[in-house]
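Okay, so here's the structure we're looking at.
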Amino acid sequence: MTIAEAPPILDFSVFYGNDQQAKDKLVEDVRKCCLHNGFFQITGHSVSADLQQNLLRCVKQFFALPQLDKDAVLKDQNTWNRGYEKIGSQILEAGTAPELKEGFYIGEEISKEHPYFINKRLNSGPNFWPERMPNVEGFKQVAMDYYHAMHVLAKDVLTVIAQTLNLDPYYFKDFTTDAVATLRLLHYPPQAPDSDEKISRGIGAHTDFGSVTLLMQDEVDGLQVYEKTTNEWLDVEPVRGAYVVNLGNAFMRWSNDKYISNLHRVINKSGKERYSVPFFYSGNPDYMIDCLPNCLKAGEAPKYDPITVEAAVKGAYQKSYGAAETFKKGVVSTVKAVENTIAV
Ligand SMILES: O=C(O)CCC(=O)C(=O)O
Ligand SMILES: [Fe+2]
């Protein structure tokens, strides 16, 4: 594995097997990636190809709905991060235009009687389903089956990550109990061939806010990961069925910046419609993120105060949507980088 290459593809099936040498090698490969840029890809995982394909079919059906039907479930109608976001709702990279993507957010189905909803906990409430969609019941079923399968896979990935830090494989058990996570369906229309490379983005350069992200891409490319050693953007070519795994800002803070939450972006120059589905795993909202064991060098002190998962993640989305609003009001020059985004 050389360094200035797109995130390597690791065979995760060894995690489920008994070959200790292969398991150790997986842990070692994941460790290298976490230290370098926090990005790797996995095949041979537990999510079935059928479920992945069914979900992608639903994603395409949803975005093909008439605009009015999508607008009926606009996410600004709730405060718990569910529903549809229009093209141009977000700016993650300072100095770029509102992003050329539309999205749909799904989370755990949390009723209005649930204590998480009553107490306005992180991203907690009922889903906001597109009731005008033909076969909406099928859409709900596939989306929730997929959402729950992703929780299982995220726990497995964290079991490996624990071992990369020489921790008990189940070190993250409390963190993953009653975890909050968000599934985001994304559609990137093709960018005009003559669009300005400097300001036109599917999604601007950003780092993810949560702990770990598991991303499924369809067959159209466009995702790029920043390579700091060479100051390049590396293409992450889609691999059928694979997940791109990356650590988010909360994990970086938790590891005292030993493990990296890295910049990435999407520019869809393919001329085709692009679809992708990131799953953002935050963790248990009450869990206290405090410098993980084995993350301090000799004599080094923790850089950050302990913080709950909820406090670490909340608010970050708000800032990026605020930036798009500011842009649309015509005050482009005053748009500031969101706190955790570095313009390169
Ligand atoms: O669509 C992609 O490939 C990346 C999406 C992403 O980075 C995000 O939603 O945070
Ligand atoms: Fe991202």
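Heavy-atom basis, side chains included; hydrogens, waters and symmetry copies ignored. As the structure lists them, so they are numbered: ligands from 1, and atoms in each ligand from 1.
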* Knowing that exactly one of Asn246, Ile289, Ile161, Ile260 qualifies, which makes a side chain to side chain contact (heavy atoms under 4.5 Å, CB included) with Phe251? -> Ile161

* Asked: Taking Met216 as the fixed residue, which of Val47, Val59, Leu56 is the one that meets the side chain to side chain contact (heavy atoms under 4.5 Å, CB included) rule?
  -> Leu56

* Structure fact -> Paired with Glu93, the salt bridge (Lys or Arg N to Asp or Glu O under 4.0 Å) test is passed by just one of Arg265, Lys198, Arg201, namely Arg201

* Asked: Among protein atoms, how many N/O/S atoms lie less than 2.8 Å from the Fe ion (ligand 2)?
  -> 3

* To do: Evaluate whether atom NZ of Lys60 has more than 12 neighbouring non-hydrogen atoms of other residues, nucleotides or ligands under 6.0 angstrom away.
  => yes

* For His187, which of Lys101, Glu102, Arg274 qualifies under side-chain hydrogen bond (donor to acceptor under 3.5 Å, both in side chains)? -> Glu102

* Asked: Taking the inter-plane angle between the rings of Phe175 and Tyr287 on a 0 to 90° scale, is it parallel (under 30°), tilted (30 to 60°) or perpendicular (over 60°)?
  -> perpendicular

* Fit a plane to each ring of Phe39 and His264, take the angle between them on a 0 to 90° scale, and name the class: parallel (under 30°), tilted (30 to 60°) or perpendicular (over 60°). => perpendicular

Using a cut-off of under 3.5 Å, which N/O atoms of ligand 1 pair up with protein N/O atoms, and what distance separates each pair?
residue	atom	partner	partner atom	Å
ligand 1	1 (O)	Tyr188	OH	2.6
ligand 1	1 (O)	Arg274	NH1	3.0
ligand 1	1 (O)	Ser276	OG	2.6
ligand 1	3 (O)	Arg274	NH1	3.2
ligand 1	3 (O)	Arg274	NH2	2.9
ligand 1	7 (O)	His206	NE2	3.2
ligand 1	7 (O)	His264	NE2	3.0
ligand 1	9 (O)	Arg184	NH1	2.8
ligand 1	10 (O)	His206	NE2	3.0
ligand 1	10 (O)	Asp208	OD1	3.2

* Asked: Should the pair Trp129 and Phe139 be assigned to parallel (<30°), tilted (30 to 60°) or perpendicular (>60°) ring geometry?
  -> perpendicular

* Full working for ring pair (Phe, Tyr, Trp, His ring centres under 6.0 Å) between Phe279 and His151 -> CA-CA 9 Å; Phe279 173 78; His151 270 270; 5.4 Å; yes

